[in-house]
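Only one structure is covered here, and it is reproduced in the block below.
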Amino acid sequence: HSSFDLALHSVGIETSELLQKSSIAELGRILKGKVTLAGFLAKMAGDHPEMKVILNSSIVSEFGSRGQTAYAMANAYMNHLADHSTNMLS
């Protein structure tokens, strides 16, 4: 039986495109990498309290950046997960 003590999440896709020029599919593609893995790691961390998770977020989630709406949303989601977990850091 093996276990993980620490997980580091740095996955992400950044493409600069104004929101009004982005398709739903493109927004989903950008969100998917960070959000899906962060959600999986949150579940793992919840099931294994000894496990620590570091979520590598971007400052763009707090301050925004022209053309990076979906990337900012994905990072904000990760920050939210970390804020509401005892064993996740962002």
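Quick caveat: nothing in here was measured; it's all calculated off a predicted structure.
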List the atom pairs, with distances to 0.1 Å, where a side-chain N or O of residues 26-37 and a protein N or O form a donor-acceptor pair under 3.5 Å, not counting sequence neighbours.
residue	atom	partner	partner atom	Å
E26	OE1	R29	NE	3.3
E26	OE2	T15	OG1	3.2
E26	OE2	R29	NH2	3.0
K34	NZ	V11	O	3.2
K34	NZ	N56	O	3.2
K34	NZ	N75	OD1	3.4
T36	OG1	K32	O	2.9

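Taking every heavy atom of both residues into account, A38 and M78 meet most closely at CB-CG, 3.8 Å. When every heavy atom of V60 is checked against every heavy atom of A72, the shortest pair comes out as O-CB, 3.6 Å. Contact between S61 and S57 at its shortest, heavy atoms only, is OG-OG, 3.8 Å. Closest approach of Y77 and G39 over heavy atoms only: OH-CA, 4.1 Å.
From D5, atom CG reaches atom CE of M51 across 9.0 Å, with rounding to the nearest 0.5 Å.
Residue L6 qualifies as enclosed at atom CG: its count of foreign heavy atoms under 6.0 Å is above 12.
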